[in-house]
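For reference, the structure discussed in these notes is given below.
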Amino acid sequence: MTVDLAPLRPGGLRLAHPVIVAAGGAGYATEFLDAVAELAPAAIVTRSTTRTRRHGSRPPRMAMQPGGLLWSIGLQDPGLDAVLRRHGPRWGASDVPVIVSLCADSAEDIGWLARRLELAPEVAGLELNLACPDRGRGGLPIGLEVEASELATVAARAATDLPLIVKLTPVAPDLREIARAVAAAGADAISAIGPLPALAVARDRDRALLGTAYGGLSGPAIKPVGLRAVYEIAQAVSVPIVGIGGVASLDDVLDYLAAGATAVGLATAALADPTLPGRLALELEAWCAGHQISDPRELVGTALPRRRDRGSLRQGPWRL
Amino acid sequence: MTVDLAPLRPGGLRLAHPVIVAAGGAGYATEFLDAVAELAPAAIVTRSTTRTRRHGSRPPRMAMQPGGLLWSIGLQDPGLDAVLRRHGPRWGASDVPVIVSLCADSAEDIGWLARRLELAPEVAGLELNLACPDRGRGGLPIGLEVEASELATVAARAATDLPLIVKLTPVAPDLREIARAVAAAGADAISAIGPLPALAVARDRDRALLGTAYGGLSGPAIKPVGLRAVYEIAQAVSVPIVGIGGVASLDDVLDYLAAGATAVGLATAALADPTLPGRLALELEAWCAGHQISDPRELVGTALPRRRDRGSLRQGPWRL
Amino acid sequence: MGRQPFGGEVAELIASREVLPGQRLLTWRAPSLARRVQAGQFVHLLAPRPSGLLLPVIPVAGFDRVGGTIVLLVDERSAGAELLRLHDGDQVRLDGPLGRGFSVDARSRHLLVVCDGSGMARVRALLDEAVTGGRQVTLLLGVATAAEVLPSWLLPDEAEYAVATIDGSLGHRGGVHDLVIDYEAWADQCFAAGSWSLLEQLAMLARGRDGRLGVARLGRRPGRRMPRTAARRTSWLQVALPHEAGCALGVCLGCVVEGTAGPLRVCREGPTFAIDELVLERQP
Amino acid sequence: MGRQPFGGEVAELIASREVLPGQRLLTWRAPSLARRVQAGQFVHLLAPRPSGLLLPVIPVAGFDRVGGTIVLLVDERSAGAELLRLHDGDQVRLDGPLGRGFSVDARSRHLLVVCDGSGMARVRALLDEAVTGGRQVTLLLGVATAAEVLPSWLLPDEAEYAVATIDGSLGHRGGVHDLVIDYEAWADQCFAAGSWSLLEQLAMLARGRDGRLGVARLGRRPGRRMPRTAARRTSWLQVALPHEAGCALGVCLGCVVEGTAGPLRVCREGPTFAIDELVLERQP
Ligand SMILES: Cc1cc2nc3c(=O)[nH]c(=O)nc-3n(C[C@H](O)[C@H](O)[C@H](O)COP(=O)(O)OP(=O)(O)OC[C@H]3O[C@@H](n4cnc5c(N)ncnc54)[C@H](O)[C@@H]3O)c2cc1C
Ligand SMILES: Cc1cc2nc3c(=O)[nH]c(=O)nc-3n(C[C@H](O)[C@H](O)[C@H](O)COP(=O)(O)OP(=O)(O)OC[C@H]3O[C@@H](n4cnc5c(N)ncnc54)[C@H](O)[C@@H]3O)c2cc1C
Ligand SMILES: Cc1cc2nc3c(=O)[nH]c(=O)nc-3n(C[C@H](O)[C@H](O)[C@H](O)COP(=O)(O)O)c2cc1C
Ligand SMILES: Cc1cc2nc3c(=O)[nH]c(=O)nc-3n(C[C@H](O)[C@H](O)[C@H](O)COP(=O)(O)O)c2cc1C
Ligand code: FES
Ligand code: FES
C-alpha cells in the first residue's frame with residue numbers, strides 16, 4: 001500500500017498508505033498523534049506556520065454550513081522556532097512522517113523557513129501554502145499567478161533538499177498552468193485544493209458571521225471542485241498529486257485516486273474523527289484485496305481522458 | 001414588496017417581489033409558467049440562448065452530489081429567433097416578466113442578439129452570461145477578465161435600451177473589479193453567481209461522470225461562495241444585485257439580502273419545486289410583517305461592514 | 001401534455017411486500033393516477049420531501065383502474081428509496097402520470113418483454129396491460145445469479161416467464177439476449193428496459209433484422225417516412241430508459257439523451273422510445 | 001491533560017424528563033465519566049454519528065459519582081439535539097470529560113450562580129457539586145418571560161433560586177444582573193453562563209468592584225502576579241463559555257476566543273475562564 005510523494009528525490013517521501021491529514025486537520029500533530037494510537041494517517045501536514053508569532057483570526061472562527069465547514073483560523077502560531085521546540089520531539093518519536101506547512105509573504109521568508117526545516121531531522125518534508133498573500137502584490141494570494149508561484153517554489157527549493165509539496169489554491173482560474181510552473185520549479189508533489197473563499201451571515205444579520213467576515217469553505221460541499229482540480233492538474237504534470245477537498249469516505253478516496261491523485265488528504269473530516277484516515281486506509285486495503293488489486297497505484301488516474309482535454313475553462317461553447 | 005432591478009432606466013425593471021428564477025431554472029419559461037399557476041416568481045430568466053441552433057452537452061448531463069447538483073447542459077437551444085417564435089406568445093400572455101439570458105462568443109453576436117430582443121415587446125430585459133467563452137481569447141470565459149467583461153457589456157448596452165443584467169462567473173478571482181467595470185459600462189444590475197467548475201467520477205471510475213467531464217456545481221453547497229461574492233460586489237458597486245447560489249429557504253433569501261442583494265434568484269431548487277420562488281415571497285412578506293418591516297429594501301445590506309473591507313483575496317496574513 | 005398545477009395527488013400505502021432483500025412492491029390507493037396512467041409512465045414523489053436536491057422519478061410498475069390502485073417496485077438503491085420506510089396507511093404526494101408510455105400497436109398479439117433486475121419496474125405494468133388486453137406476453141429476465149431472480153408472483157399468471165443468469169445458477173446460462181433469438185419470430189413487438197449495455201445488445205439484434213420483424217412488416221411502405229408517433233408505435237423494439245431524478249417538466253434538459261434527430265428529453269419525449277430514435281453507442 | 005485514544009465510553013439512557021417544551025433532562029449510566037467529570041466540563045457525542053460535520057459538544061449538567069450516572073440538559077436548538085430522539089435503554093458513545101471545570105476556591109462558602117436559559121446546562125452541575133460539598137448556593141436565572149423559566153425540580157433542594165424576567169411575568173422584572181447586586185456582598189465567588197451580553201454585563205459589575213469581592217480579597221498580594229491557575233481559582237467571577245462543536249482536541253483552533261494574554265481555546269483552556277482572562281468586548 002506504500003506510495004511515494006517524492007519519487008525522484010533521494011530518500012523519497014514514502015508513505016505507508018495513501019491517506020494523510022491535510023494542513024489544519026491535526027494542528028501541530030502532537031495531540032492528534034496521542035489520540036489516534038495505531039489507526040494512524042500515513043502522514044500529517046501541520047497547520048501553516050510563519051516566521052514569527054501571530055495571533056490568528058478574530059473570533060468567531062468556525063461555522064457549520066450545509067455540507068461544508070466555514071472557517072477562518074488565520075495564522076495562529078508561535079513562529080517556526082517555537083513550533084519546532086515544542087512539537088519537534090513528539091514528531092521525532094512518532095512513526096508518522098510530519099510535513100510542515102509554511103506560509104510566508106516573501107521569497108526571503110520562504111527561504112528562511114525552508115532552511116530552518118532543513119536543520120530539523122524530525123521533519124519529513126515541507127508544504128508550501130500558495131494561498132498565502134504575496135507582499136509584493138498587495139496581499140493577493142501567491143498561487144493566483146504563475147510567476148509568483150514559480151518564484152515561491154524556487155525559493156523553497158533552493159533552500160532545502162527536503163521533499164517539497166506545493167499546495168495550490170482553487171482561487172486560481174487555471175490550475176494547470178500554475179501546476180506546470182511549480183513542477184518545473186522543483187516541486188516534488190502538488191496538493192490541491194485549499195478552501196474556497198466564502199462567507200456566512202450572522203444570525204442577527206447585522207454583520208458577517210465570522211470575525212474576519214471571509215472564511216474558507218471545506219468539507220463535502222467542495223469535493224466536486226477538488227476532483228475537478230485534480231483531474232485538470234493530473235493532465236498537466238507528472239509529479240504525484242495529493243487530492244484534498246471533502247474526503248470523508250472510501251468512495252471519496254477512490255474518486256480522487258481515479259481523478260489522478262496518488263494520495264488524498266483530509267482536514268475537516270479528521271477534526272470529527274482523528275482515526276478516520278487510518279480507517280480509510282484499512283478500508284482501501286480491503287477493497288483492493290476484494291478487487292484483485294495489489295498496488296493502489298493501479299487505481300490512479302483511471303478516470304482521466306485518453307486524450308488531454310481542454311480544461312474546465314476552455315470548453316468551446318458554454319457548458320456549465 | 002416591489003423592487004426595481006433597473007431603477008435608473010426609464011420604465012425600470014419592476015418586480016412584484018424579490019424572488020426570481022435564475023437562468024436554467026425554468027427553461028424557456030413556458031412549461032414552468034403552466035406549472036406554477038398563481039404562486040409565481042417575480043421574474044424568470046431563461047436558459048442562455050445563442051444566435052444559432054445548438055445541441056447542448058453530451059449526456060449524461062446531471063448528477064446529484066452531496067449538497068449540490070453537478071450538471072452540464074451546454075447550449076441546447078434552437079437559436080434566438082426560434083425561441084422567440086415558440087415561446088414569445090406565452091411570455092406576452094403572462095404577468096411574469098421574462099428576461100432572456102444571452103450567450104455569445106463575440107461582441108458582434110452579442111450586439112445581434114440584443115438588437116433582436118429590442119424588437120420583441122414580450123421581453124422584459126436581458127441578462128448577459130459572462131461565463132460564456134470569448135472567441136478572441138481562446139475560449140476562456142468572458143467574465144474572467146475586466147476588459148472582456150467591459151467590452152461585452154458595452155456591446156449589449158449599445159444595442160438595446162432594455163434593462164440589462166450582467167451575470168458574473170465565480171471563476172474570476174476578484175469579482176469586485178469585474179463588477180465595477182460592467183456597472184460603468186452600462187449594466188443596470190449584476191447577478192452572481194453562476195456555477196462553480198466541478199467534476200464527478202463515474203461509478204466504474206473509468207471516466208468522468210458527465211458526458212462533458214466538467215460541469216457546474218450549484219445548490220446549497222455553493223451558497224457560502226455566492227454570499228461571499230454578493231458581499232464583495234455590494235461594496236464595489238451601487239447597482240442592484242441579484243444574489244444567486246443555493247437559495248432554497250427563507251433564511252437563504254434573508255442572508256442574501258443582508259449581504260447586499262436587492263433580489264435573489266434560484267435555479268436548482270426551482271427544478272424540484274417550481275412554486276418555491278412564489279412561496280418564498282409569501283414567507284418573506286409574512287416575515288417582514290412580523291418584524292415591522294414595510295419594505296424589503298430595508299433588509300438589503302444590513303450585514304455589510306461599515307467601512308469597506310479589503311475583499312476576500314486581500315486579507316493580509318492568510319486567513320482561510 | 002399540460003401538467004396540472006404543481007401539487008400532485010395524495011396516495012395512501014395499502015400494502016407492501018418484499019420482492020427481494022432491499023426491494024419491495026408497494027401498493028397505493030391513488031384513484032386518479034390509476035385511471036390515467038399508462039404502462040411505461042412514471043410519477044414524481046413530491047412529499048414527504050425527499051432528501052436529494054431533485055425530486056425522485058419512480059416508474060409506475062402496475063395499476064388497477066377499477067380498484068383505483070397503482071404499484072411501485074422500489075429498491076433501496078433506486079430513486080424513491082425513502083418510500084421503503086413507510087408503513088401501511090402512510091400518505092405521500094405523487095405527481096403524474098408523467099412522460100409517454102409504451103405504444104403497443106393495435107395489431108400486436110404477441111408481446112416480448114425483456115429486462116434486467118433494474119429494468120423490471122419500468123416494464124412490469126406493460127405485462128398487466130397486455131394480459132388485460134387479451135394479448136400473449138412473454139417476459140425474459142436477465143440477471144447475474146439466481147439470488148437476483150425476481151419471484152414469479154410478481155407477474156400476472158398469464159405471462160410466460162423465462163430467466164437467464166450469467167452464472168447459470170438458474171435458467172439459461174448467459175445473457176438474456178440469447179433467449180431473445182428464440183422468441184423474435186413469435187413476437188410482434190418487443191419492449192425492454194435495463195442497463196445501457198442490455199439495450200445496446202437488443203438494438204444490435206433488432207437492427208440486424210430491421211423491417212423483417214413483427215408489426216414493423218405491416219406498417220412500412222418502402223420509401224415513405226412515417227410520422228414519429230406511428231413510427232414509434234410500429235417499431236419492433238421499444239425501450240424505457242432509466243431516469244432517476246429531474247424536473248420532469250421538460251425545462252432542465254438534464255435528462256437528455258442523444259437521439260438520431262437531435263437531443264431527446266427522457267422525461268417528455270420518453271421515457272419510452274423506439275430504438276431507432278436513439279443513438280445508443282454514445283449514451284452513458 | 002492526555003486524552004484517551006479516540007473511542008469514548010458507552011453511556012446508556014436510563015431516564016428522560018421534559019424540562020420545557022423541546023428541552024429534556026437525560027440521565028445516563030456512564031460510571032467512568034461520572035467518576036471523573038467536574039462541574040463545567042463537557043462531553044463529545046461520538047456515536048450515533050451526528051449529522052453535522054463536527055462532533056457536537058455537550059456540557060455535563062450533573063453527575064452522581066456513587067450511582068455512576070451523568071445528566072445532560074439538551075434542547076432541540078442546541079448541539080446534541082439528536083439525543084432527544086433516543087429512548088430509555090438506547091446507548092451512545094461519549095468522549096470525555098473534556099475541558100477544564102470551574103475552580104471553586106477551598107475557602108468559598110457562598111456561591112452565586114448566574115445564568116440565562118441557554119447557560120443552565122453549563123452551570124447546573126456546579127449546583128450539585130456545591131451542595132454535596134456543604135456550600136451554600138444561590139441560582140439567579142434571567143429569561144425573557146415566565147414560559148422560559150426552568151422548573152425548580154431541576155435544582156437541588158438546598159439551592160436558593162431567584163428568577164428575573166424581562167417582561168416581569170415572573171420574579172424580578174428586568175435583567176438578571178439587577179439581582180446580582182443584592183447578592184454580591186454575600187457571595188464569595190460567582191459563576192455564570194449565558195449569552196455574551198449577559199457575560200459582558202456581569203463582567204462590568206465585577207470589574208467595577210475588582211479585588212473588593214469574595215475570595216479575591218483573600219488571595220491577592222499587592223504588586224504580585226499570581227500563577228494562572230491560582231488566579232482563576234480565586235477570581236470572583238468565572239464563566240463557562242458556549243461551545244457548540246469542534247475537534248475538542250485542541251488542534252483546529254476553531255473554538256478560540258480572545259484572551260487578555262492571547263488567543264484561548266474554549267475546548268482546552270476553557271470552557272471555564274476567570275473573567276479577567278477574556279477580552280469580552282471583542283467576542284461574538
Ligand atoms: C489588541 C487588538 C484589538 C483589536 N480590536 C479590534 C476590534 O475590536 N475590532 C476590529 O475590527 N479590529 C480590531 N483590531 C484590529 C484587527 O483585529 C486587525 O488588526 C486587523 O483586522 C488586521 O489584522 P491582520 O490580519 O493584519 O493582523 P494579524 O496579526 O494577522 O491578526 C490579528 C488577528 O488577531 C486577533 N487578535 C488580536 N489580539 C488578540 C488576542 N489578544 N486574542 C485573540 N485574538 C487576537 C485580531 O482579531 C485579528 O483578527 C484589534 C487589534 C488588536 C491587536
Ligand atoms: C454526430 C456526432 C457524433 C459525435 N460522437 C462523439 C463521440 O462518440 N464521442 C465524443 O467524445 N465526441 C463525439 N462527437 C464530438 C463531440 O460531441 C463535440 O463535437 C465536441 O466535444 C466539441 O463539441 P462543441 O461543444 O464544440 O459542440 P456543440 O455543438 O456545442 O455541442 C455538441 C454537443 O452536442 C452533443 N450532440 C451532438 N449530436 C447530438 C445528438 N444528435 N443528440 C444529442 N446530442 C448531440 C455532443 O455530444 C456535444 O456534446 C460527436 C459529434 C457529432 C456531431
Ligand atoms: C480548521 C482548518 C484549518 C486549516 N488550516 C490550514 C492551514 O493552516 N494551511 C493550509 O494549507 N490549509 C489549511 N486548511 C485547509 C485544508 O488543508 C484543506 O485544504 C481544506 O480544508 C479542504 O479539505 P477538507 O475538505 O478535507 O477539509 C485548514 C482546514 C481546516 C478545516
Ligand atoms: C440545470 C441548470 C441549467 C442552468 N443553465 C444556465 C444557463 O443557461 N445560463 C446561466 O447563466 N446559468 C444557468 N444555470 C446557473 C444558474 O442560473 C445559477 O447561477 C446556479 O445554478 C446557482 O444557483 P442555484 O444554486 O440556485 O442553482 C443553470 C443551472 C442549472 C441547475
Ligand atoms: S428532467 Fe428536466 S427536462 Fe427532463
Ligand atoms: S474545538 Fe478544536 S481547538 Fe477547540
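Every chain is numbered from 1 and lettered A, B, ... according to where its sequence line falls, protein lines coming before strand lines.
Taking CG of D:L253 as the reference point, atom CH2 of A:W71 lies at 11.0 Å (rounded to 0.5 Å). For the atom pair D:L46 CG and A:D273 CG, the distance stands at 8.0 Å (nearest 0.5 Å). Here the CG-OG1 distance, from D:L54 to A:T268, works out to 7.5 Å after rounding to the nearest 0.5 Å.
Pairing each heavy atom of A:H55 with each of D:G262, the nearest pair is CE1-CA, 3.6 Å. Nearest heavy atoms, A:F32 versus D:V251: N-CG1, 4.3 Å. A:R61 approaches D:G254 most closely through the heavy-atom pair CB-O, 3.7 Å.
With a 6.0 Å radius and a threshold of 12 heavy atoms from other residues, nucleotides or ligands, A:R90 has its CZ atom above the threshold. Heavy-atom neighbours of D:R49 CZ from other residues, nucleotides or ligands within 6.0 Å: above the threshold of 12.
At least one side-chain heavy atom of A:E31 sits less than 4.5 Å from a side-chain heavy atom of D:R268. At a threshold of 4.5 Å between non-hydrogen side-chain atoms, the residues A:P220 and D:L53 count as touching. Side chains of D:E258 and A:P59 form a contact here, defined as non-hydrogen atoms less than 4.5 Å apart.
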